[in-house]
Participant: 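Here it is: the structure, laid out below.
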Protein chains: 2
Amino acid sequence: MPVDDTCPVCRTADIICAKWTLLLIRDLAEGRSRFCELERSLQGISPRTLSLRLRALEEEGIVERHTFPEVPPRVEYALTAKGRALLPIVDDMRTYGERWLGAECATGDEQPVAVVAA
Amino acid sequence: MPVDDTCPVCRTADIICAKWTLLLIRDLAEGRSRFCELERSLQGISPRTLSLRLRALEEEGIVERHTFPEVPPRVEYALTAKGRALLPIVDDMRTYGERWLGAECATGDEQPVAVVAA
DNA sequence: CAGCATCCGCCGTGATACTG
DNA sequence: CAGTATCACGGCGGATGCTG
């Protein structure tokens, strides 16, 4: 069900549209790096799902995993350049959400502020 | 399972992350407006899903529906201002897809071009 | 042409329990 | 702490058939 593999928009969507993924990237960008830390921050996520997301993003080269051979074991995750390159999208989505999905603006024919968008 | 309703990023994601939605918005932006036209363009979509998407976007105020009382019936869809405000996000996703998901750039530590991002 | 109704299969997600 | 294994469920999306 690839929808359209040749479409760059879809390829990007395939990566970031899974549940929790955007939040995860946001938290990673904000400096959260350890498994339990992310687990707490993304309240409600199951360890299984968090693990799946982290693994998938790692395989995409969006997240880097650093293991420290200590006891107790410590693992830290961080965004790669490819991961940080997603942040403008996240920011745009935040801006859109704030402008158009803030409260009761569902009519669509009034623009709350300016829609200049450089 | 609202993940986080208070997060504008998530509210935006809830809208555009459904399957076909991004393609649909893109096609609408490119001028395609009739049901059968969209159905052909989004090859593989079922009329049910297209209808669901269109309705959902209409309820969000992202798409406007114009009915023409003719025989055979004609209906045209178009993006509202709120819908057009999504295009920067789509563009960013396209840009990201082209830069980072083009072919074999999954390592994440080489940036294909510049990552300036205004 | 532009849909809606129904049925069904799939898989993404969550819950829980266990391991190194 | 940092996960994995297993199970079960819910809902999305597809297929088909019919209507105005």
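Note on naming: letters A, B, ... go to the chains in the order of the sequence lines (proteins, then strands), and numbering restarts at 1 for each one. Worth knowing before you read on, the calculation uses all heavy atoms, side chains too, and leaves out hydrogens, waters and symmetry mates.
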Participant: Regarding A:Arg34, tell me which of base, sugar-phosphate or nothing describes its non-hydrogen contacts under 4.0 Å with the strands shown.
Facilitator: sugar-phosphate
Participant: Using atom CZ of A:Phe68 as one end and atom C1' of D:dA2 as the other, report the distance to the nearest whole Å.
Facilitator: 14 Å
Participant: Rounded to the Å, how far apart are B:Lys19 NZ and C:dG12 P?
Facilitator: 10 Å
Participant: Does A:Thr49 put a side-chain nitrogen or oxygen below 4.0 Å from OP1 or OP2 of C:dT13?
Facilitator: no
Participant: Between D:dC12, C:dG3, C:dG20, which nucleotide gets closest to the side-chain atoms of A:Pro73?
Facilitator: C:dG20
Participant: Does A:Ser51 place a side-chain N or O at less than 4.0 Å from the phosphate oxygens OP1/OP2 of D:dG3?
Facilitator: no
Participant: Do the side-chain N or O atoms of A:Arg48 get closer than 4.0 angstrom to the phosphate oxygens (OP1, OP2) of C:dT16?
Facilitator: no
Participant: Does a side-chain N or O from A:Ser46 land closer than 4.0 Å to OP1 or OP2 of C:dT13, or not?
Facilitator: no
Participant: I need the CG-C1' distance between A:Leu52 and C:dG14, as an integer number of Å.
Facilitator: 11 Å
Participant: The criterion is side chain to side chain donor-acceptor pair (under 3.5 Å); which residues satisfy it with B:Thr6, sequence neighbours excluded?
Facilitator: B:Asp4
Participant: Is a side-chain donor or acceptor of B:Thr12 paired with a backbone partner of A:Gly97 at a separation under 3.5 angstrom?
Facilitator: yes
Participant: Answer yes when A:Asp91 and A:Arg94 have at least one side-chain N-carboxylate O distance shorter than 4.0 Å, and no when they do not.
Facilitator: yes
Participant: Report yes if a side-chain nitrogen or oxygen of A:Trp20 is closer than 4.0 Å to either non-bridging phosphate oxygen (OP1 or OP2) of C:dG14; otherwise report no.
Facilitator: yes
Participant: Output yes when a side-chain donor or acceptor of A:Lys82 lies under 3.5 Å from a complementary backbone atom of A:Glu60, and no otherwise.
Facilitator: yes
Participant: Counting just side-chain N and O atoms, does B:Arg65 come under 4.0 Å of either OP1 or OP2 of C:dG3?
Facilitator: yes
Participant: For C:dC4, does either OP1 or OP2 sit under 4.0 Å from a side-chain N or O belonging to B:Arg55?
Facilitator: yes
Participant: Expressed in angstrom and rounded to an integer, what is the separation of B:Leu42 atom CG from C:dA2 atom P?
Facilitator: 14 Å
Participant: Quick one: A:Leu23 CG to C:dT13 P, roughly how many Å, whole number?
Facilitator: 13 Å
Participant: What contact category does A:Tyr77 fall into here, base, sugar-phosphate, or nothing, at under 4.0 angstrom with non-hydrogen atoms?
Facilitator: sugar-phosphate
Participant: Hydrophobic cluster membership, with links at side-chain heavy-atom distances under 4.5 Å among I/L/V/M/F/W/Y: are B:Tyr77 and B:Leu52 in one?
Facilitator: no
Participant: Starting at atom CG of B:Leu50, determine the distance to atom C1' of C:dC4, rounded to an integer number of angstrom.
Facilitator: 13 Å
Participant: Rounded to the Å, how far apart are B:Leu54 CG and D:dG13 C1'?
Facilitator: 16 Å
Participant: Within this structure, what is the CD-to-P distance between A:Glu76 and D:dC1, rounded to whole angstrom?
Facilitator: 14 Å
